[in-house]
There are 2 protein chains.
Amino acid sequence: MPPRTRRTEGLSRERIVEAAVELLDTAGEAGLTFRTLTERLATGAGAIYWHVANKDELLTTATDAVVAEALPAASAGSPEEEIRAVALGLFDAIEQHPWLATQLLMQLTRNPGGPVAPRIFEAIGRQIGALGVPEHSWFTATSVLVHYILGTAGQTATAEVSTTREAFLDTVARSWENLDPEAYPFTRGVAKQLRNHDDREQFLAGIDLVLAGVTTRHSS
Amino acid sequence: MPPRTRRTEGLSRERIVEAAVELLDTAGEAGLTFRTLTERLATGAGAIYWHVANKDELLTTATDAVVAEALPAASAGSPEEEIRAVALGLFDAIEQHPWLATQLLMQLTRNPGGPVAPRIFEAIGRQIGALGVPEHSWFTATSVLVHYILGTAGQTATAEVSTTREAFLDTVARSWENLDPEAYPFTRGVAKQLRNHDDREQFLAGIDLVLAGVTTRHSS
DNA sequence: ACCTGAACACCGTTCAAGT
DNA sequence: ACCTGAACACCGTTCAAGT
């Protein structure tokens with residue numbers, strides 16, 4: 001076994017993923033292409049393909065890396081507290097990396113066999129078990145929570161990197177307020193709730209609402 | 001006002017959307033391109049752009065058309081029954097149009113100002129109101145339900161049109177069962193629940209779980 | 001083993017030109 | 001008003017060739 005040659009410079013999977021995350025953060029999903037990536041890494045397309053199978057794998061790996069960092073390390077308090085910590089960890093990560101929401105939704109629905117889905121499922125699901133939920137409801141209860149967290153946090157994330165969150169939500173709320181009153185009375189009515197539904201408090205209230213359902217159900 | 005010239009043939013927005021849905025159903029998301037579309041409609045690219053602004057608008061319109069057809073027309077029974085009817089309507093539509101799940105998730109998170117999000121929000125939200133949920137929880141409660149429905153139905157939809165649903169879920173379950181026992185005890189454990197979680201019964205059990213949370217919360 | 005970069009087969013979109 | 005279809009500026013991916 002020859003000693004591994006030392007390389008201060010040189011490409012690596014890690015460096016590529018790191019650059020991909022930076023590009024996604026800076027320029028959004030459309031900003032990550034093999035051209036921008038090769039330019040930033042000062043290399044050729046083939047070099048990247050040596051370390052990474054294709055763009056899908058690159059996106060999966062980038063998403064997984066960000067999620068791994070976002071999830072809280074050790075369990076501290078009660079199951080409820082832990083679930084809130086996981087939820088807020090993902091919420092904050094999505095705020096910092098707006099592309100993450102779409103990517104996570106895609107991973108869950110289209111690539112549940114990949115590394116990302118189990119990571120999130122495990123973080124939430126363990127606490128569901130600790131909560132005393134009967135085993136036959138574990139999958140459903142965990143699914144509900146995970147989809148609420150990602151969906152809600154995703155609605156919060158600004159669509160365009162350039163717009164601020166407030167401006168984005170305001171635009172949506174305004175368009176809801178302009179809907180036909182006959183056909184859309186409910187949606188018009190909750191438009192103002194949308195305006196600040198991304199408050200962490202509001203977000204956590206939703207978590208508690210789900211937890212109420214999860215814990216009530218099996219005591220009857 | 002000159003009388004509208006009659007045209008038995010000729011392009012129209014409706015014909016384009018119809019062809020787009022057919023292509024999506026037949027060949028999946030990757031199968032819908034302006035080339036395949038112009039070929040099927042025996043026309044040029046410019047002709048399509050005369051009726052539709054761009055591909056995003058085409059996808060939004062196609063999604064909206066399918067959703068409008070999938071939602072039950074008139075409210076018959078109790079709010080709970082109506083919510084189940086809406087959920088099953090979307091569930092079945094996603095089963096028939098596997099591309100729909102991803103598209104709906106995208107519409108909700110990236111284009112909530114478009115026509116699709118209000119349509120779904122309204123169908124669920126009205127019943128939330130009828131359920132006696134206090135107004136300040138309307139948005140949150142509706143969000144939880146909508147995201148559960150789409151997320152779960154989406155996990156059910158096969159990723160590839162060619163694979164059957166059973167084979168897809170089996171593959172995912174198998175990969176979950178092969179996870180590291182130390183790091184993923186929970187996910188490994190629920191793998192077998194994943195195998196048939198797409199049962200309509202299981203799906204409706206999740207709805208009831210959320211409804212339990214929604215209706216419990218404000219009675220305390 | 002690792003990297004280069006031209007080439008390939010595709011995209012969505014535009015636009016001068018037709019009818 | 002509506003349609004044609006070539007052209008444009010981009011993609012992700014491959015692969016012979018280098019070191």
Side-chain angles (χ1 to χ4, degrees), chain A residues 1-21 23-24 26-63 99 102-103 106 110-111 114 159-160, chain B residues 1-21 23-24 26-63 99 102-103 106 110-111 114 159-160:
Chain A
M1 235 184 282
R4 188 166 291 249
T5 26
R6 216 183 295 178
R7 259 187 186 280
T8 334
E9 289 299 329
L11 226 43
S12 71
R13 210 170 181 340
E14 289 72 33
R15 265 179 58 92
I16 293 170
V17 172
E18 196 185 306
V21 170
L23 277 169
L24 287 165
T26 310
E29 221 153 327
L32 175 64
T33 72
F34 274 80
R35 322 272 157 171
T36 57
L37 202 51
T38 52
E39 196 182 351
R40 170 165 297 221
L41 292 169
T43 181
I48 292 171
Y49 278 93
W50 178 262
H51 295 277
V52 162
N54 50 40
K55 196 180 182 183
D56 267 2
E57 194 194 282
L58 179 57
L59 278 169
T60 299
T61 309
T63 303
W99 51 275
T102 306
Q103 218 50 51
M106 298 285 243
R110 298 171 84 108
N111 191 20
E160 302 296 321
Chain B
M1 240 183 280
R4 189 165 292 246
T5 27
R6 216 182 297 179
R7 260 185 186 277
T8 333
E9 291 298 330
L11 228 43
S12 71
R13 211 179 146 76
E14 288 72 32
R15 266 180 56 91
I16 293 171
V17 171
E18 196 185 306
V21 170
L23 277 170
L24 287 166
T26 309
E29 220 153 327
L32 174 64
T33 72
F34 275 81
R35 323 272 156 165
T36 57
L37 202 52
T38 54
E39 195 182 352
R40 169 166 295 223
L41 292 168
T43 181
I48 292 172
Y49 278 94
W50 179 262
H51 295 278
V52 162
N54 51 40
K55 197 180 181 183
D56 266 3
E57 194 194 282
L58 179 57
L59 277 169
T60 298
T61 310
T63 303
W99 51 275
T102 305
Q103 218 50 51
M106 298 285 244
R110 299 169 83 107
N111 191 20
E160 302 296 319

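Everything quoted here is computed from the prediction, not taken from an experiment. Throughout, protein chains are lettered first and strands after them, A, B, ... in sequence-line order, and every chain is numbered starting at 1.
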d([atom1], [X]; [atom2], [N]) in whole Å:
X: B:Glu29; N: C:dC11; atom1: CD; atom2: C1'; value: 15 Å
X: B:Leu11; N: C:dT19; atom1: CG; atom2: P; value: 19 Å
X: A:Arg13; N: C:dC2; atom1: CZ; atom2: C1'; value: 16 Å
X: B:Ile48; N: C:dC15; atom1: CD1; atom2: P; value: 18 Å
X: B:Ile16; N: C:dT13; atom1: CD1; atom2: P; value: 13 Å

Here the pair of heavy atoms bringing B:Ala19 nearest to B:Leu37 is CB-CD1, 4.0 Å
So which atom in A:Val17 and which in A:Ala62 form the shortest heavy-atom distance, rounded to 0.1 Å? CG1-CA, 3.8 Å
N/O donor-acceptor pairs under 3.5 Å from side chains in residues 42-56 of chain B, not counting sequence neighbours:
unit_1  : atom_1 : unit_2  : atom_2 : d
B:Asn54 : OD1    : B:Asp56 : N      : 3.2
B:Asn54 : OD1    : B:Glu57 : N      : 2.9
B:Lys55 : NZ     : B:Leu32 : O      : 2.8

Of all of residues 49-63 of chain B, which get a heavy atom below 4.0 angstrom from DNA chain D, listed by number? B:Trp50, B:His51
Which base, if any, makes a Watson-Crick or G-U wobble pair with D:dC3, both distances under 3.5 Å? none
Nucleotide forming a Watson-Crick or wobble pair with D:dC8, both distances under 3.5 Å: C:dG12
Near A:Glu29 CD, under 6.0 Å, is it more than 12 heavy atoms from other residues, nucleotides or ligands? yes
Using only atom types and a distance under 3.5 Å, with no angle test, would you say the side chain of A:Thr102 pairs donor to acceptor with the backbone of A:Trp99? no
Side chain B:Thr38, main chain B:Arg35, donor-acceptor under 3.5 Å: yes
About how many Å separate OG1 of A:Thr60 and CD of A:Gln103, when rounded to the nearest 0.5 Å? 7.0 Å
State the CD-CG distance between A:Glu18 and A:Leu41, to the nearest 0.5 angstrom. 9.0 Å
When every nucleotide of nucleotides 5-10 of chain C is labelled 5' to 3' by its protein contacts under 4.0 Å (heavy atoms), B for base, S for sugar-phosphate only, - for none, what sequence of letters results? B-----
Would you classify B:Leu37 as touching base, sugar-phosphate or nothing, given that sugar-phosphate means primed atoms plus P, OP1 and OP2, and contacts are heavy atoms under 4.0 Å? nothing
Apply side-chain contact (heavy atoms from CB on, under 4.5 Å) to residues A:Arg40 and A:Leu23 and explain how you reach the verdict. CA-CA 9 Å; A:Arg40 170 165 297 221; A:Leu23 277 169; 4.1 Å; yes
Write down the distance separating the P atoms in D:dC2 and C:dA17, rounded off to the nearest Å. 22 Å
